[in-house]
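So you know, we letter chains A, B, ... as the sequences are listed, proteins then strands, and number each from 1.
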2 protein chains.
Amino acid sequence: MVDGAGGGEGLLFLTDEQLRKGIEAMFFAYRGFTADPDRILEGMDYGRAHHRAIHFIHRSPGTTVSNLLTILGVTKQSLNRVLRSLVEDGLVEARVGRADKRERHLYLTAKGAELERALSDAQRARMRAAYRAAGPAAVAGFRTVLEAMMDPEMRRQFQGLRDGGA
Amino acid sequence: MVDGAGGGEGLLFLTDEQLRKGIEAMFFAYRGFTADPDRILEGMDYGRAHHRAIHFIHRSPGTTVSNLLTILGVTKQSLNRVLRSLVEDGLVEARVGRADKRERHLYLTAKGAELERALSDAQRARMRAAYRAAGPAAVAGFRTVLEAMMDPEMRRQFQGLRDGGA
DNA sequence: AATTTACGTCAGCCTTGTTGACTTTCCAAG
DNA sequence: CTTGGAAAGTCAACAAGGCTGACGTAAATT
C-alpha cells in the first residue's frame, strides 16, 4: 500500500483523493474481472449477457424468468433474446411450470453446464489468485466493502442467495 | 461475515463456494457503483462512456487522445464519437500540442468541470458511505484485492497514475 | 524523400440495452 | 360462470456504444 489507506488512523482517511482511487480501482478491477470469460465467449455467438444468465441459472436451477429478471436487473425483452438463443442452442432447458403454466423453469443442459464450467473456471482462477495474493484479512475487507456498496435491494438479493434460495 | 473468510485459518479458505460469492459480490457491487452517475446521465445525451472520458480528462488535464485510448481500452473510433460530442457541446477543449502538433491535449471547460463534479460527487458519496460502514481495515483489504484482480498492465497504469501523472 | 505516428472520419456490423404491442394463463370479483 | 385485470412470456423495432476496415492529413522521424 503506497498511501495511507492501511494505516491505523481513526476515521479521517476519506479524502476525495482516497475515494477517487477507490473508484478507479473498481473500474480497472472490473475490467480484469470480466476479461477471461469475455475471451472465452468471443468467437462464439455469445457475450457477457449470456454468461450472466448461465451463471445464475446454474446457481439456482429451476428458477423462473421473473426471478432472473430481478437478479439481473434488465428488461424481460432483453433477457428473452439471450434466453431464446441459449434454448435454441440446447444450453438451457425451459420447462413450463406445473403449478403455474405461465412460468418457465430454467435448467442448464449438460452442454450448458459444460460452458458454465469453462467460464467460471476461468473467472475463479483469477479470483483465487487475487485472494491468495491478498490474504484472508484483505478478502474479508473486500467482501465487506463490496456489500456496503450495493443498493440495499441488491444486497438483500445477494445475502438471500447466499443461503441458497431459488 | 457470515462465512469463514475472515477467520484466522491458514490458507484453505478458497473453496469454489467462497470464490463464487466473491464473483457475485463484484457483480452486484459494480451495479451499485455505476447506478448514481447513470441516473444523472440519463436524460442528457450522454452515457457511461462520456462519464469515463470526463473522469480521466479531469484527473489528468492535458492528456492526449492516445493516453486516453490506452487507459479506457477502447478503439479510437469509439472514443472519437464520445469526444466529438463533448467538444461540440463545449464540455471538453482539445488544444493542439505545441511540442508535437499532431497531438490534441484535452481539458475540461468550466461547464465540463461542473458535470464532472456532479457525477463524481454522486459516486464518491456512495463510496464514502461504504468506506465508513466497512472501516479502515476493510478498505485496505478491498483495495488490495482489487489491485490483485487487475491485469498486470492495467495495474501498472493504475499505480502509475496514483503518483500523479500525465 | 519515404516512412511512421497521431488523429479524425466514413461506413457498416454486433451485442445488449430500451419501449411498445401482443398472447397466454391465472385469479378474483361480480 | 364469466369477465376483467394482472402476471409471464414473446415479437418487433430502435438506440447506445462497442468493434473492424479503409482512408485522409498533418507532423515527426529516419
Side-chain angles (χ1 to χ4, degrees), chain A residues 27 30-31 34-35 37-57 62-89 92-106 166, chain B residues 27 30-31 34-35 37-55 57 62-89 92-107 166:
Chain A
F27 172 68
Y30 197 77
R31 281 245 295 269
T34 57
D38 282 357
R39 248 186 304 273
I40 294 176
L41 263 341
E42 105 179 347
M44 308 196 196
D45 287 350
Y46 304 136
R48 215 175 277 181
H50 300 83
H51 179 194
R52 290 195 284 262
I54 287 175
H55 175 96
F56 285 105
I57 293 172
T63 192
T64 62
V65 175
S66 289
N67 287 161
L68 218 45
L69 244 32
T70 309
I71 290 171
L72 295 175
V74 296
T75 58
K76 60 181 178 174
Q77 294 90 332
S78 193
L79 175 58
N80 189 255
R81 192 195 311 120
V82 167
L83 244 27
R84 198 192 321 164
S85 64
L86 291 174
V87 169
E88 276 171 10
D89 297 350
V92 167
E93 194 190 348
R95 296 182 206 155
V96 172
R98 35 160 202 26
D100 186 334
K101 291 179 192 164
R102 291 172 305 179
E103 296 178 338
R104 303 294 135 89
H105 297 275
L106 304 168
Chain B
F27 172 68
Y30 198 76
R31 280 246 295 271
T34 57
D38 283 357
R39 247 186 304 273
I40 294 175
L41 263 342
E42 105 179 347
M44 309 196 197
D45 287 351
Y46 304 135
R48 216 175 277 182
H50 300 82
H51 180 193
R52 290 195 286 263
I54 288 174
H55 174 98
I57 294 172
T63 192
T64 63
V65 174
S66 290
N67 287 163
L68 217 44
L69 245 29
T70 309
I71 290 172
L72 295 176
V74 297
T75 59
K76 64 175 178 176
Q77 294 91 330
S78 197
L79 176 58
N80 191 254
R81 194 195 306 125
V82 166
L83 241 30
R84 198 190 320 165
S85 63
L86 290 175
V87 170
E88 277 171 9
D89 297 351
V92 168
E93 192 190 348
R95 296 182 204 154
V96 172
R98 35 162 202 25
D100 186 334
K101 291 180 192 163
R102 292 171 307 178
E103 296 180 334
R104 302 296 137 89
H105 297 277
L106 304 168
Y107 300 88

>> Nearest whole Å is fine: how far is dC11(D) C1' from Leu79(A) CG?
In response: 15 Å
> Rounded to the nearest 0.5 Å, how far apart are CG of Asn67(A) and NE2 of His105(A)?
Replying inline: 9.0 Å
> Closer than 4.0 Å, any side-chain N/O of Asn80(A) to the OP1 or OP2 of dG9(D)?
Replying inline: no
> Rounded to the Å, how far apart are His51(A) NE2 and dG17(C) P?
Replying inline: 14 Å
>> Checking Arg52(B) now: which residues fulfil side-chain contact (heavy atoms from CB on, under 4.5 Å) with it, not counting sequence neighbours?
In response: Phe27(A), Arg48(B), Ala49(B), Leu72(B)
> What are the two closest heavy atoms between His50(A) and Ser85(A), and how far apart are they?
Replying inline: NE2-OG, 3.3 Å
> Do Ile57(B) and Leu83(B) have side chains that get closer than 4.5 Å, going by heavy atoms?
Replying inline: yes
> Between atom CD in Glu103(A) and atom P in dC27(C), what is the gap in whole Å?
Replying inline: 10 Å
> Along nucleotides 21-29 of chain D, 5' to 3', which nucleotides get a B, which get an S, and which get a -, given that the test is a protein heavy-atom distance under 4.0 Å?
Replying inline: BB---BBS-
What nitrogen or oxygen pairs link the protein and nucleotides 14-16 of chain C at under 3.5 Å?
unit_1	atom_1	unit_2	atom_2	d
dT16(C)	OP1	Arg48(A)	N	2.6
dT16(C)	OP1	Ala49(A)	N	3.2
dT16(C)	OP2	His50(A)	ND1	3.2

> How far apart are the C-alpha atoms of Leu41(B) and His51(B), what are their side-chain angles, what is the distance that settles it, and do they pass the side chain to side chain contact (heavy atoms under 4.5 Å, CB included) test?
Replying inline: CA-CA 8 Å; Leu41(B) 263 342; His51(B) 180 193; 4.0 Å; yes
> In whole angstroms, how far is the C1' atom of dG17(D) from the CD atom of Glu42(B)?
Replying inline: 17 Å
>> Output the rounded distance in Å from CG (Leu69(A)) to C1' (dT18(C)).
In response: 13 Å
> NA contact type, Gly73(A), heavy-atom cut-off 4.0 Å: base, sugar-phosphate, or nothing?
Replying inline: nothing
>> Tell me whether the side-chain N/O atoms of Ser66(A) come closer than 4.0 Å to OP1 or OP2 in dG9(D).
In response: yes
> For Leu83(B) and dG8(C), what is the distance between atoms CG and P respectively, to the nearest whole Å?
Replying inline: 7 Å
>> If the cut-off is 4.0 Å, is Thr75(B) near the phosphate of dC19(D), judged by side-chain N/O to OP1 or OP2?
In response: yes
> Can you tell me how far CD of Glu93(B) sits from CG of Leu86(B), rounded to the nearest 0.5 angstrom?
Replying inline: 13.5 Å
>> Run Arg104(B) and Val96(B) through side chain to side chain contact (heavy atoms under 4.5 Å, CB included) and show every step you take.
In response: CA-CA 5 Å; Arg104(B) 302 296 137 89; Val96(B) 172; 3.9 Å; yes
>> Does Lys76(B) form a side chain to side chain contact (heavy atoms under 4.5 Å, CB included) with Val65(B)? I'd like the steps, not just the answer.
In response: CA-CA 8 Å; Lys76(B) 64 175 178 176; Val65(B) 174; 5.6 Å; no
> Are Ile54(A) and Tyr46(A) side-chain neighbours, meaning at least one heavy-atom pair lies under 4.5 Å?
Replying inline: no
